[in-house]
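Below: one structure, written as structure tokens.
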Amino acid sequence: MADANPVKSMDSIMSLCKRRGFIYQASEIYGGINGFWDYGPLGAQLKKNLREAWWQDMIMNPCWGRKGPNGERVRCVPVETRIIQHPKVWEASGHVGGFNDPMVDCKACKARFRADHMWVAGFADLGKAEGVNERFPEFPLALYEEAKASGNPAKIMEAVKEMRTVHRLDAMLKEDFQKPRFFKTAVGGSLNEAAEQLNLSKREAKAFITPVVAWAGSLADFRSIVGEGAPCPNCGEANSLTEPRQFNLMFKTIVGALGTEDDKAYLRPETAQGIFVQFKNVVDTTRVKVPFGIGNTGTSFRNEVTPRNFTFRSREFDQAELEFFCHPSESQEWYKFWRDFRMEWWQSIGLKSENLILREHAKDELSHYSVGTSDVEYRFPFTAPGYGELEGIAHRGDYDLKQHQEHSRQKLEYFDTTRGEILPNGGKKGEKYLPHCIEPAAGLDRGVLALLCEAYTRDESRPSPEFLKLHPRIAPVKAAVFPLVDKDGMPEVAEKLYDELAAKYGKVGFIETDAKQSIGKRYARMDEAGCPFCFTVDGQTLTDQTVTVRDRDAGGQERIGIANVSAYLAEKLGV
Ligand code: ATP
């Protein structure tokens, strides 16, 4: 039986993206620049639609008009803050001091890994290898020994997998984990990736995989964690890993003409800090009352050490972030509310629930300030069967406002007139506090990538075997109007319908028209662009004023009155 959810080929998706003008390599005619991607006509509109859906559902009509845990409508306002902020903003936020990734290089193959993405698979000493078959007769000792002797991580992982799936490794781990390590190997990837690669549950993975997370010491310390002579995860060369070194991910620039160190500034690594910095202005100049949110969208920059996986990890990308400010006593409820809504939202624009998970971070994964964090994760083809982060929803407490209050020496407290004891005149005394903050932080480029991966469909039985099942709300081309043939009065009728639709719906996406080529080829082009509806004017139109409407996903057609096309489209697009 065919796999109901086969892993899609990233090469095919990337080639469709290029061929149809969704995503191009930046500066391609000069050979490209690593970690930067441009959007072509369809990609630019797709990304705009995603941003606008976010803007609409988070700011203009937050949570589709749903009531929050306080029983009232959710209220949010936007800001648009600059890429370059005062350098002290980044000192206060902790980015200048702490936004570092320790990296490990391989001296042999020059590959570079994030130290906290290295992990070490260690086997318990199974009561001396010789004895193991007595207790576990089916244990593939030869395979294990051979892999171990090869020092080749890929081979070792194969052996680990084999042992896990066939030979009750779970039981062995439980009994023997405390014993000395049998062997150690360092492998690139996150702990979750490790667990997924080895087909282990997270709990099992934790038992025998050690992430090199909190590395802060010398090469000797590093070696004591990864093991003497640990091979490079990429080329397998033993003893070739350098000690981890710090790399700051912030892009530096110079403001003004003098160009001295004092004029140094940074390109923002996230849009969120702009919100905290303007929190007081928004409170003082508008009628917002806690609880409320401030949204900000725009470009962020991170000098990622290893940009990879198409646009997933880029050096320049767009974010859509909301900071929702609330009273500390209500923050847990708001955290759960936003976490659940954000998961629902991604599903509403077309990401299927079987490819999406909400992963609550374990306590030891949380940043020092975070009270709770969940990630909405999508099963990208390059992470499958595992998942990659699409959006993080963090309960940040009052960390950011407190930091900015301290560094700027400006009071950022909020005076809440709805709280405090009741006064003799019946009013409330009020309460001053630093609001707590819930932050749903989404990446628009990762969002576009997830939508494209989800939409990409192959069906060899169709004349256009590759097509994009994009949700109508997000699709860059909303509809196409075709005359069946380029004669007999059909082009004139089609053009009139096109004019009407373009005037009405051009604001949400492209309306296409094309009279050349066979109708099959024109449909195929629209399928590849993810256009959900094609209206075709044919011979019958001229007699009974109906057109065909073709459904992209089912390929079927029905006839509707030409006068009803606009209303039909409005309903389907939800505009
Ligand atoms: P990661 O662990 O993948 O580096 P992060 O946890 O550092 O991500 P956040 O700081 O929470 O990411 O940023 C919020 C969102 O911004 C992420 O969920 C992601 O969608 C997006 N994002 C972060 N870094 C990148 C990047 N280098 N390229 C594209 N999108 C990114």
Side-chain angles (χ1 to χ4, degrees), residues 23 26 33-39 43 47 50-51 54 58 90 93-95 98-103 113-117 189-193 211 213 247-251 267-276 295-323 338-339 342-343 345-346 351 356-361 365-370 372-378 380 382-383 386-396 399-400 437-453:
I23 302 177
I33 168 163
N34 196 10
F36 297 86
W37 297 91
D38 288 341
Y39 289 84
K47 190 162 155 189
L50 177 62
R51 178 179 177 274
W54 185 92
M58 296 292 280
W90 309 113
S93 69
H95 286 89
F99 201 29
N100 288 318
D101 281 338
M103 305 301 299
F113 313 94
R114 258 168 74 166
D116 67 342
H117 274 188
S190 68
L191 185 61
N192 284 339
E193 279 163 8
V213 258
F247 284 82
N248 195 303
L249 294 187
M250 298 248 282
F251 278 99
L267 306 189
R268 69 178 170 201
E270 60 173 43
T271 53
Q273 294 305 321
I275 300 176
F276 295 117
N296 197 13
T297 68
T299 305
S300 296
F301 301 81
R302 295 184 192 175
N303 200 358
E304 298 280 1
V305 183
T306 44
R308 63 183 179 282
N309 293 331
F310 203 14
T311 58
F312 181 83
R313 190 167 298 288
S314 308
R315 289 182 165 138
E316 177 177 347
F317 53 95
D318 281 21
Q319 293 182 302
E321 301 193 283
L322 184 86
E323 299 299 338
W338 280 110
R339 187 192 64 183
R342 294 306 301 154
M343 178 76 176
W345 187 79
W346 283 108
L351 296 187
L356 212 57
I357 54 164
L358 189 62
R359 190 176 69 81
E360 183 97 35
H361 285 207
E365 265 182 283
L366 295 177
S367 349
H368 57 286
Y369 53 78
S370 183
T373 297
S374 298
D375 287 343
V376 176
E377 297 187 339
Y378 178 72
F380 291 94
F382 47 80
T383 58
Y387 297 80
E389 176 181 330
L390 191 56
E391 167 160 355
I393 300 103
H395 182 319
R396 296 176 69 96
Y399 175 78
D400 304 270
C437 214
I438 313 302
E439 176 193 80
L444 294 178
D445 300 77
R446 278 194 196 170
V448 165
L449 184 58
L451 291 167
L452 285 167
C453 291

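This chain uses plain numbering: 1 for the first residue, then up along the sequence. None of the values given here were measured: they were computed from a predicted structure. We count ligands from 1, going down the list as the structure has it; atoms in each ligand are counted the same way.
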* What are the two closest heavy atoms between T297 and R268, and how far apart are they? -> O-NH2, 4.4 Å
* Structure fact -> Taking only non-hydrogen atoms of S314 and a 4.0 Å limit, the atoms of ligand 1 in range are 26 (C), 27 (N), 28 (N), 29 (C)
* Residues M58, E321; criterion side-chain contact (heavy atoms from CB on, under 4.5 Å); working and verdict -> CA-CA 10 Å; M58 296 292 280; E321 301 193 283; over 6 Å; no
* Structure fact -> Min over E377, R313, E316 of heavy-atom distance to atom 4 (O) of ligand 1 lands on R313
* Please confirm whether A442 comes within less than 3.5 Å of ligand 1 when only nitrogen or oxygen atoms on both sides are compared. => no
* Atom pair CZ/CG of R313 and L449 - distance to nearest 0.5 Å -> 12.5 Å
* Do S300 and Q319 meet the criterion of a side-chain donor-acceptor pair at a distance under 3.5 Å? -> yes
* To do: Kindly compute the distance separating CH2 (W338) from CD1 (I438), expressed to the nearest 0.5 Å.
  => 10.0 Å
* Asked: When you measure from atom 22 (N) of ligand 1 to each heavy atom in F301, Y378, F317, which option holds the nearest one?
  -> F317
* To do: Classify the contact between D375 and ligand 1 as side chain, backbone, both or neither, using a heavy-atom distance cut-off of under 4.0 Å.
  => neither
* Find all atoms of ligand 1 within a distance of less than 4.0 Å from any non-hydrogen atom belonging to L390, and give their numbers and elements. => 18 (O), 20 (O)
* Asked: Taking both backbone and side-chain atoms of F312, is any N or O found less than 3.5 Å from an N or O belonging to ligand 1?
  -> yes
* Pick whichever of R315, Q319, E389, R308 has a heavy atom sitting closest to atom 12 (O) of ligand 1. => E389
* Min N/O separation E321 to ligand 1 under 3.5 Å -> no
* What part of E391, side chain, backbone, both or neither, has a heavy atom within less than 4.0 angstrom of ligand 1? -> backbone
* Working to the nearest 0.5 Å, report the span between CD of E391 and CZ of R339. => 13.0 Å
* Asked: Looking at OG1 of T373 and CD of E439, how far apart are the two atoms once the value is rounded to the nearest 0.5 Å?
  -> 8.5 Å
* Min N/O separation E304 to ligand 1 under 3.5 Å -> yes
* Any N or O on E270 sitting closer than 3.5 Å to an N or O of ligand 1? -> no
* Measure the spacing between CD of E377 and CG of L358 and express it to the nearest 0.5 Å. => 9.0 Å
* Asked: Relative to the heavy atoms of A441, which atoms of ligand 1 are at a distance of less than 4.0 Å?
  -> 14 (C), 15 (C), 18 (O)
* Compute the ring centroids of Y378 and F380, then answer whether they are less than 6.0 Å apart. => yes
